Number of protein chains: 2
Amino acid sequence: MRSARPHPARTVTVAFLGAVMVGTAILLLPVSRAGPESPSLLTAFFTATSAITTSGMTVVDTATYWSDFGHVLLAVLTQAGGFGITTIATLAGLLVSQRLGLRGRMMTGVETNTGLAHGDVRQVLVLAAIVMFASETVIATIFATRLHLAYDVPLGQAIGEGVFNAVQAFNNCGFSLRSDGLTSFVSDWWVCVPLTLGVIVGGIGVPVLYEIGRQTRRPAAWTTHTRLTVGGTLVLLVAGFVAVLGFEWGNDETLGPLGVPGKILAAFVQGTIPRSGGFNTVDFGAVNEDTSAIIVGLMFIGGGSASTAGGIKVTTFFLLAYVIWTEVRGEHDVVIGRRRIAEATQRQATAVALLGVATVATGTLVLLAMTDGVPFDRALFEVMSAFSTSGLTTGLTAELTTAGQLVLSAMMFIGRVGTVAVASALALNTRHRLYRYPEERPIVG
Amino acid sequence: MRSARPHPARTVTVAFLGAVMVGTAILLLPVSRAGPESPSLLTAFFTATSAITTSGMTVVDTATYWSDFGHVLLAVLTQAGGFGITTIATLAGLLVSQRLGLRGRMMTGVETNTGLAHGDVRQVLVLAAIVMFASETVIATIFATRLHLAYDVPLGQAIGEGVFNAVQAFNNCGFSLRSDGLTSFVSDWWVCVPLTLGVIVGGIGVPVLYEIGRQTRRPAAWTTHTRLTVGGTLVLLVAGFVAVLGFEWGNDETLGPLGVPGKILAAFVQGTIPRSGGFNTVDFGAVNEDTSAIIVGLMFIGGGSASTAGGIKVTTFFLLAYVIWTEVRGEHDVVIGRRRIAEATQRQATAVALLGVATVATGTLVLLAMTDGVPFDRALFEVMSAFSTSGLTTGLTAELTTAGQLVLSAMMFIGRVGTVAVASALALNTRHRLYRYPEERPIVG
Ligand SMILES: [K+]
Ligand SMILES: [K+]
């Protein structure tokens, strides 16, 4: 009976591995490369993995290494990877919703409310596509217009850059057509605000967008998932903004030289981006240690479920915060806004978060063991960036050996595909024993 | 009704704060100081906190800064702190055991088996005292004999050093009467083995020692708590040994210059010590980045519950590993050796571990924000060492500003007293609502 079920974990893994292989093959063609030499297999593989997982990490300079054809291909791979992961995660959510919904009604009368329960598959996917194309069109239009009018970029090139950056922003990826990233636009509100809003909307997730679309006027009727995601996102945006602004205010290499409006804009952008858009308007190799530590934390949390963002997800993080708060208060039920959180869901959140910690810790150790002279904090930053598909870098990635690049590729893949696969597998797991063992309570702490 | 209950959390906090104040006052007396100057208030406070919490972190050179009187006082404070925390934690465990035992039998027939349920208070405390004095006597005798016979140390001084180091070892503290710590004994089996075994026995915890003492011949009858602690400790000892041996084998500043037996001995010692004895036979400022990362992890895990070791505790860590394993397998009950782990205990373990992560993350951030030019990895190492009361140092602590020293003092206190207070408070928490809200299952991951 078990084997006859659809297996989202296996499906998503195979689909993404296939996409990486196709992307690698096309990037290996001479036409993808600017200049006479062919790309190395490792470079093509790393870049394809980075695009498909919407990380945006690079081992070469995207602007000069790849041809125009290569740039179009990167945009297509990014778009395919971003749309692929959001729709697969959404379908897995629907599957869980429906199965639990059926069983729930039959067995316990529990409502499963993930926000998707009322929608059918086609309706949800159509909405996801509409939001994506609409957002990208708006961003591309504003960006291209600004480039053309304020920076004298020729119209054709401006449109190309506009579309490329819009795709990168909404899909929370981080490739850039300029060798200095977006650092030359650090004080440009017309460029930064649309891109950053695109990152936020893309990173909210389909289930939340769907529910907000259906019930805009009644936030009180939102599901717990939507309220946790929206509230948690706001908290993290403010936290990131305040941290970057406060810690980098006087840093000569980042916010220091900017005027107050420029500081505010840059802090808004760089406080938002770690979860998990990848473009940078300041140099992440130059931020202070404390800012770096905050960014590593934000990367780990990431964005919304079934979104283009990575990390363990906003709901996972805040749900665990509620679990702790409940324990400290001595309550039994974990209650969020008059809704009790299922114990199975609490355990899933614990498993997702701790598996994430274990993955990042293992990846950092392997990277340190395989390289010489890499400081711990930089290794952790790059591994966390890869795992959370944030794509930010302190500059280390480009210097890594083959082994190091393979470790980061694995981290990107596990972080992007693994978390969705594991989470949906956990949610669909339903094995029960027919007997129970006697209970014990070991001392903890 | 709630206010009439005994309050272990408050009791233990007040008792330890009081002990720190008394210790600080006596250390401030001129008689405690070697040389004419009085110690500064901050130095006395930091050192008293370090001794009472059995950390062994230092901001001055213990050997030359304090007088003989000061050294005796440090041994007394260490002993008081170590015996205090183990007995208070044991009493809290008994309280939980008895209350849950009563309620369990009345309501659900659940056995609470923490290994203490069969003992009365006096019996358990007497055992704890006997194990402590016996262990310390054996260690002190071997150490003093060795110093006198092999190193020509005068008998009186050898006995003094023997007793001091025995107290430090069993209480998992790390003060040293020699400015170079125990690095001159790195290849001496007669010195290293007894001290390290003392650290292990002291770090196992009273409940486990009590049960092993009662049921030595029947490990199959041990409670889950004892089996988890003993098994987990063995796993961590092997892991620490293998990691230090493998990563430091060729490091010229640590194991490199030693012969193979010396390498094995040093790896055994320094793989054991991070959880959470504090003495060092190699220089922790010179270990590789990967070794350092492993050590940070081992410090976080720590030793057994109700022991002289710190950290989130062995049972907490392995219990969470079982929770994840259960989730991944799709089982519902968390089963360890034919015993089901109570869901309340799973949630306590989650809360203890995540509060630990939050505390260390906050402490590291505060330390970074309050200091200039401290690298992230060294800040994390020192904060983790303080939180887990390991007392190891990369050399940073002695260079810290006043603010930095206060942060580490707070970390030692929270790590030592806070985890026990929180864990016992959680275990005793029993508030119930008379109504339950409808259940929801937000998407995680
Ligand atoms: K990204
Ligand atoms: K210690």
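Keep in mind it's a predicted model, so treat the numbers as computed, not measured. In what follows, chains are A, B, ... by sequence order, proteins preceding strands, each numbered from 1.
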Discussion item. I'd like to verify something: which residue of Ile294(A), Leu367(A), Val323(A) has the highest number of heavy-atom pairs under 4.5 Å with chain B?
Written reply: Ile294(A)
Worksheet item: Going by atom types alone, do Arg339(A) and Thr224(A) pair a side-chain donor with an acceptor below 3.5 Å?
Response: no
Worksheet entry | Heavy-atom side-chain proximity of Ser292(A) to Val287(A) below 4.5 angstrom | yes
Fill in: Glu327(B) (side chain) donor-acceptor with Arg347(A) (main chain) under 3.5 angstrom
no
Worksheet item: Which atom pair, heavy atoms only, marks the closest approach of Leu320(A) to Gln346(A)?
Response: CD2-O, 4.5 Å
Discussion item. If I measure from the heavy atoms of chain A, does Val374(B) come under 4.5 Å with its side chain, its backbone, both, or neither?
Written reply: backbone
Fill in: Heavy-atom contact with chain B under 4.5 Å, split by part of Phe247(A)
side chain
Worksheet item: Contact part of Leu380(A) toward chain B, heavy-atom cut-off under 4.5 Å: side chain, backbone, both or neither?
Response: side chain
Item to complete: Would you name the heavy atoms of Thr86(A) and Ser307(A) that are closest together and state the gap between them?
Response: CG2-C, 3.2 Å
Worksheet item: Which residue out of Asn288(A), Leu365(A), Val366(A) racks up the most heavy-atom pairs below 4.5 Å with chain B?
Response: Leu365(A)
